[in-house]
Amino acid sequence: MNNHLPQEFLLADNDNKPVKITGNYWKAEEIYLNNICIAVKLKLTKINDELENIKEALYSLLMSIVQTSLDHDLLRPVAGVISIDNLGDDSLQKDIKKWGSDQDWHRGAFILFIEHDEDKVKERIKGLMKLEVEHFQQEEFESDTTQTRQNSIPLLFSGAPGNNIAEFWKALEAIERKLDIIIRTHVQESDKHLPYDPIKTKNSIKDWESEIISMSDKIAEGEYSG
Amino acid sequence: MGDESRTIGSINRVRSISFSNFRGFKSKNHKVNTNADLVLISGPNGYGKSSFLEGLLLVLTGWHDESRNTTKDLIALPANENGVESFKIEAEVSDKTNADKNSTGNISIDWLKDEPTKLDRSKVKGLPESLIGGDCELEARLCGFFQDRVDILFDQAGKGYTLRDVFDPLAKWIKNVQNYFKQEFSQNLNAKKTKIKEKQPEEDLQTVSDKLKREWNGFAEIYRELATKKDSFPKTPPDGTEERNIAVFARQVLESAGILTGTNDYNLIKKLKQTIIKELNDLIYKARLKVSGTTGDLQEIEKNLKEIKKQINEIKGKYPDLSNKLSLFKAEDPDDPDMAAVFRVLLRNAESWSQIDTAGFFGDKSELSGDGRLKRVLEEFKAVLPDEAGKCLHAIDLFLGPLKKAEKELIRHGKVKRELEKKRSKAKSSDKIKELEKLRKDIELSIDPLQDAWQAKQDWNDWLSKQKHRENALSFLEEIEKLRKKFFVFADNLTKPSEEMRKTLEKIANLLINQFSLVEGFSPLNFIQDSDKNDRYIYRIKTKDNRGTAHFSTGQRSQAAVAFLTAQNLMISSKLSHRIIILDDVTTSYDLSNLTREALLWRHMAYGMEGNQARQVFISSHHEDLTNHLLDLLVPPEGCSMRLLKFDGWSPENGPEINSYNVTPTREAQKDTGVRSAFAEALKELKW
C-alpha cells in the first residue's frame, strides 16, 4: 500500500520546515491542513503520570489548534491521530483507545483517532486529507464473465466418444448443439440489451429436455438408428 | 424559473427547486434556492424538511416509497374546502457545479390525481438518461438516505434492481437456467433413468419359465384328447420345457387349420386359442346337425318354434286376461251347462214348457218341498218368451265367440309349441355334443393361463433383447448428466459475480466506514455475494464478527447504510444521471464522535472531490444543537459554497416558511496565500 503522506498539505513555517510543536506530555509531530480538515500526528512524550493529566493536556493541545484555526479564519474539523504501538503499557493503550468516543470529553470539538502503528497513522492521515475512490469502468467487472463466456460456449463435450456411447454419439452431438444454440441466442440477446423473457428461456430449455427424454426412449427401445 | 424545458447531459447541481401542493407544501410555488455544494436543512419536526427531500428525490429519480404513501397521498391536503387535484415539483438544474444560466435546464414532475398512480422516470420531464436501467428504485436508493427507512438501502430489503443487475445483466437468465439444471432437470433426468431401469418384468425369469412349462403341460393333456377328435391336428404336443418347441407345435396346429403365422411370437398362443375354439365350435355344430337329422332340421325347428311363440304372443296381446273373462260365463263344474247352454235350453224348450200343466203335474205342492220348488221354477219358465231367450243367447255368443276361438287357438298353438320344444331338446342333447362342449370348456380354462404365461415369457424375451438398448439409453443419460454438470460449472462461472466488483465495493465502503472507527468487531464490513428469495443478486453485509444487519444497533445500521449507499453511488458515477446525495435526518443516530467524523466524509464529497466524483450534498437535521455543531463542521472553504435552509414555521394555509442563507466560506487553505504560513507560525507559539 502506498502510505506516502500527502506532503502538499503538510504545514510548514516561514523557513519551509514542517511545523512541530511540543508541550506537556504531547508532541505534534506533523500538522496537515487543506480545505477538508486539519490533521495532527500526535506522539505521547511522557507516559509515567496520571492519565487524567495526559488526557487534559491532549484536550488543551487540540483545542488550542481549533482556536488558532478560528483565529486565522480556517475553520475546519481538527483530527488528532495517535500511534499507540510505542506506549508499551497495555492499560494505557486501552484507556487512550476509549478517548476517541468519549463525547463528554471532546464534545465534538475535535476528532481523535487511535492507531496501532506508524503505517496506520500514515494511512489515516492520508485518508483524512483526501478521499480517493478508485475510478473504474464497467468493463473491468465484465471481463471475467466475458472471458468465461467466450471460453465456455464451444462444445461442452470433449474428446473422442467412448465405445459404450459410440452408437448414439450423433444424438449427443445434436443435444449439445441445441443447448449451444440456446446459450448463444441468450448471450446475443443479452449483448444487444434485448429484454429478458424468462418464459421463453424456460420453454426453450423444456423443449431441449423433451428432446433428451424422447431420444433416451428411442435408444432404450432400440428405435434410434443414429 | 424559465419556461423553456432544456435537457442537460447529467445533473451536477440543483440550483433551485419549487413545490406546488406537494405533501406539506400547500399552495403554489414554494421556490427555494439550493445553489451550493452543500445544503444544510434545519428546523423542528413537522416543518417539511423530509417532504422537501422526498420531493427532491422524486424529481431526480421518478421514485417515491409506495409502501409509505400512495401517489395520491403526495398531494397536499387542502386547508379549505377547495380540493387540490395535482402536485408539481420543478427544479432548475445544471450539469456543472458552477454553471451560468446557459448550462441549466429544468426537470419537473406534474401529477394529476386522475393519472395512473405508478410513478417512474418517464413521468419526470427533462430528466437526463439513466444508464442504470431497470427500475428507478435502485437509483433512488443509491442517492437517498431517510432515517426512518434505512433498511431499504440494503439489497436484501430493496425490491428492485441491485448493483449487480447494472453491471452484469447477463447473469439473470443464466441463473434461471442454472436453477433449472440444478433442480427440475436433474429430477427429470433421474426419473427417466429409474423408469428405464424399472422396465424389467415384475416376475423373475425362472418363475415365468416354470409357469409356462406347467401351463403348457396342462394344456397339452387336454389337447391330446382334442387331437383324437380332429384328424388334421398334429397329434403329439411337445414337453413344455423348450419354449421353441411350443412355438413350433403351435404353428403346426395353426397351419393345420390353414392359419398363416408371422414371425411375431407374442400373440401365438392367443391365435392358437382362437383357432382351437373355432375348430371345436365347428365340431360341435356338425355333431348337432347329425343329431337333428332324426328330428328334422334344428334350424327349421328353431324357426317354427319362433313362429309359434310369435302367434301365441299375438293372441295374448289381442285378448288380454282371456281366461278370466271366459271363466265369468263358465260353470264351476265342467258337467254343468255354461251360460250359453242355459239360454239355448230356454230357447229350445220355452214353448214346450209353457204348455205343461204344472198344477196337474205337481198338484198342490207346498213351496217348501222339492216338487213345490220345481213347480215354481216351471211356472217361471213358462213365462219366458222364446224370442227373449234367443236374443240373450245371441248377445252372449257375440261376446264369447271370439274369446272361445282364441282360447282354442292358444290350446292348439301350445300343443305345437310343446312338441317343437321337445324336438329341439332332443336335437341338442347327445353324448357326443356334451363331450365336445366339455372339451371346449376345458380348453378355454387351460389356454387362458397358458396365454398369460406365454406373454409373460415373451415380455422377458423382449426385455432381454432390449437390454443392450437400455444400457445405451442409460449411458446416453449419463452423458447428459455429465453435460448438465459441465453446464453447471459453466453457468456457475458465468453467474459468479465479478470478484473484482465485490472487492471494489467492499473496499470503498470500508474506506468510508473507516472514517468512523466504530466499535471493534464491526469493521471491516464483509459484502457476501448472495441471492434472495426472488432470485435477485444481492450483497449481504456482515460485520467482521459475522453479524448481519439485523443485529446492528440503530447507529451501526445508519452508518453501514450510508457507507453502502455512498460506496455504490461513487462506484456507479459514470452511469448516474445526477450527482446528488440526499441525507434526511442523518444526524439522529450519531453520537458526537461519529457525527464529527461523518462530517468529514460529507466535506470530502461536497468540497474535496473533482469531476464526476463531486457531489451536491443535501443534509437535514432537526436537533438544533447538532445542527449548529454541524454548521461549524461543514463551513465551506473559499471557492466552495454552502447554503443553510431554515424551516422556521409551517401553517395549514401556506405550508413551510423557509429562509435560505448563504454560509460565508472560510479562507482557502491549499494554496499558500500567506494564511498557511501565518497559521503555521501561530501554531509554533502554542503552549499547553
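First the proteins, then the strands, lettered A, B, ... as listed; each starts at 1.
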If you count heavy-atom pairs within less than 4.5 Å of chain A, which of [options] leads?
options                      : result
B/Ala599, B/Ser677, B/Pro637 : B/Pro637
B/Pro636, B/Ala606, B/Ala678 : B/Ala678
B/Phe181, B/Phe185, B/Tyr607 : B/Phe185

Has [X] got a side-chain atom pairing as donor or acceptor with [Y]'s backbone, closer than 3.5 angstrom?
X        : Y        : answer
B/Ser593 : A/Gly100 : yes
A/Arg124 : B/Asn514 : yes
B/Arg597 : A/Phe113 : no
B/His604 : A/Ile36  : no
B/Gln670 : A/Asn34  : no
B/Arg676 : A/Phe9   : yes
B/Arg603 : A/Asn35  : yes

- Task: Starting from the C-alpha separation in whole Å, work towards a yes-or-no answer on side chain to side chain contact (heavy atoms under 4.5 Å, CB included) for B/Lys192 and A/Ile212.
- Result: CA-CA 10 Å; B/Lys192 192 69 208 168; A/Ile212 289 170; over 6 Å; no
- Could you walk me through whether B/Phe476 and A/Ile175 pass side chain to side chain contact (heavy atoms under 4.5 Å, CB included), step by step? CA-CA 11 Å; B/Phe476 171 78; A/Ile175 292 294; 4.1 Å; yes
If I measure from the heavy atoms of chain A, does [X] come under 4.5 Å with its side chain, its backbone, both, or neither?
X        : answer
B/Leu600 : both
B/Leu477 : side chain
B/Glu668 : both
B/Leu634 : neither

If you count the non-hydrogen atoms of other residues, nucleotides and ligands that lie under 6.0 Å from [atom1] in [X], is the total more than 12?
X        : atom1 : value
B/Lys193 : NZ    : yes
A/Lys130 : NZ    : no
A/Lys218 : NZ    : no
B/Glu506 : CD    : yes

Per-residue contact mode, [X] against chain B (heavy atom under 4.5 angstrom):
X        : answer
A/Glu8   : backbone
A/Ser204 : neither
A/Leu62  : neither
A/Ser64  : both
A/Leu58  : neither
A/Ala12  : backbone
A/Met129 : backbone
A/Leu33  : both

I'd like to know which of [options] tops the heavy-atom pair count under 4.5 Å against chain B.
options                             : value
A/Thr201, A/Ile65, A/Asn16          : A/Ile65
A/Phe110, A/Trp26, A/Tyr59          : A/Trp26
A/Ser60, A/Pro77, A/Ala28           : A/Pro77
A/Ala57, A/Pro198, A/Cys37, A/Pro18 : A/Ala57

Report the distance from atom [atom1] of [X] to atom [atom2] of [Y], rounding to the nearest 0.5 Å.
X        : Y        : atom1 : atom2 : answer
B/Asn188 : A/Ser210 : CG    : OG    : 9.0 Å
B/Leu686 : A/Met63  : CG    : CE    : 12.5 Å
A/Ser216 : B/Ile196 : OG    : CD1   : 4.5 Å
B/Lys195 : A/Ile213 : NZ    : CD1   : 9.5 Å
B/Phe679 : A/Asp13  : CZ    : CG    : 13.5 Å
A/Thr68  : B/Lys684 : OG1   : NZ    : 14.0 Å

Which pair of heavy atoms, one from [X] and one from [Y], lies closest together, and at what distance?
X        : Y        : value
B/His469 : A/Ile219 : CB-O, 3.0 Å
A/Ile21  : B/Leu683 : CG2-O, 3.2 Å
A/Gly108 : B/Leu592 : N-CD1, 4.1 Å
A/Val19  : B/Ala680 : CG2-CB, 3.4 Å
B/Met609 : A/Leu131 : CE-O, 4.0 Å
A/Leu74  : B/Ala669 : CD2-CB, 3.8 Å

- Message: So that I can tick it off, tell me whether B/Glu184 and A/Lys206 are bridged by a salt bridge, with the cut-off set at under 4.0 angstrom between side-chain N and carboxylate O.
- Response: yes
- A/Glu223 with B/Lys466: basic N within carboxylate O range, under 4.0 Å: no
- Query: Would A/Trp208 and B/Tyr180 count as a close aromatic pair, with their ring centres under 6.0 Å?
  - Reply: no
- After noting the C-alpha distance and the side-chain angles of A/Leu172 and B/Ile480, does the key distance pass the side chain to side chain contact (heavy atoms under 4.5 Å, CB included) rule? CA-CA 8 Å; A/Leu172 280 172; B/Ile480 297 293; 3.8 Å; yes
- Item | Sub-4.5 Å side-chain heavy-atom contact between B/Glu681 and A/Asn14 | yes
